[in-house]
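The structure under discussion appears below in the form of structure tokens.
What you see is a predicted model, and the numbers here were worked out from it, not measured in a lab.
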Amino acid sequence: MNLKELDHYLIGEAWTSTQAYADLERLCDLAPRFAGSPGNLAARDFILEKFKAYSLADPRIETFDYLTWQRGDCELKLVAPVERTLRSA
């Protein structure tokens, strides 16, 4: 198959196959996916396996440093008409 035929095949698959939508649904079911979370790692593994199934050249996991958000304490203080402090769970 030459590159033009391959291009036509892939574009056709993108428009007619239900697999891409099924994969998107699967990824959405893995929420939440904050960096480093179990959902994020499951999504990474799912995508890696898909890349291998599609026979992409050398799919692999590469580590890298990143900044991430970590939940801290949070509170809201009401001062009127009644004083009250509300804290997040």
Legend entry - Hydrophobic cluster identity match, Y21 and L27, side-chain contacts under 4.5 Å: no

Legend entry - L10 CG to E5 CD distance, which is reported to the nearest 0.5 Å: 12.0 Å

Inset, instruction - Over all heavy atoms of both residues, which pair between A43 and R33 is shortest? Give the atoms and the distance, please. - result: CB-CD, 3.7 Å

Inset, instruction - Indicate if F46 and F34 have the same hydrophobic cluster label, given that clusters are the connected sets of ILVMFWY residues with side-chain heavy-atom separations under 4.5 angstrom. - result: no

Taking only distance into account, with no hydrogens and no angle test, what donor-acceptor pairs under 3.5 Å do side-chain atoms of residues 74-89 form with protein atoms, sequence neighbours excluded?
| unit_1 | atom_1 | unit_2 | atom_2 | d |
| --- | --- | --- | --- | --- |
| E75 | OE1 | R87 | NE | 3.4 |

Inset, instruction - Would you kindly confirm whether L6 and I11 end up in one hydrophobic cluster when ILVMFWY residues are joined by side chain heavy atoms under 4.5 Å apart? - result: no

Legend entry - Over 12 non-hydrogen atoms of neighbours within 6.0 angstrom of CG in D73: no

Inset, instruction - Output every pair passing side chain to side chain donor-acceptor pair (under 3.5 Å) with a member in residues 34-61, not counting sequence neighbours, ordered by first then second residue. - result: D23-K50, D23-Y54, D58-R60, R60-E62

Legend entry - Hydrophobic cluster partners of I61 (side-chain heavy atoms under 4.5 Å): L48

Legend entry - Over all atoms of both residues, closest heavy-atom pair of F51 and P59: CB-CB, 3.7 Å

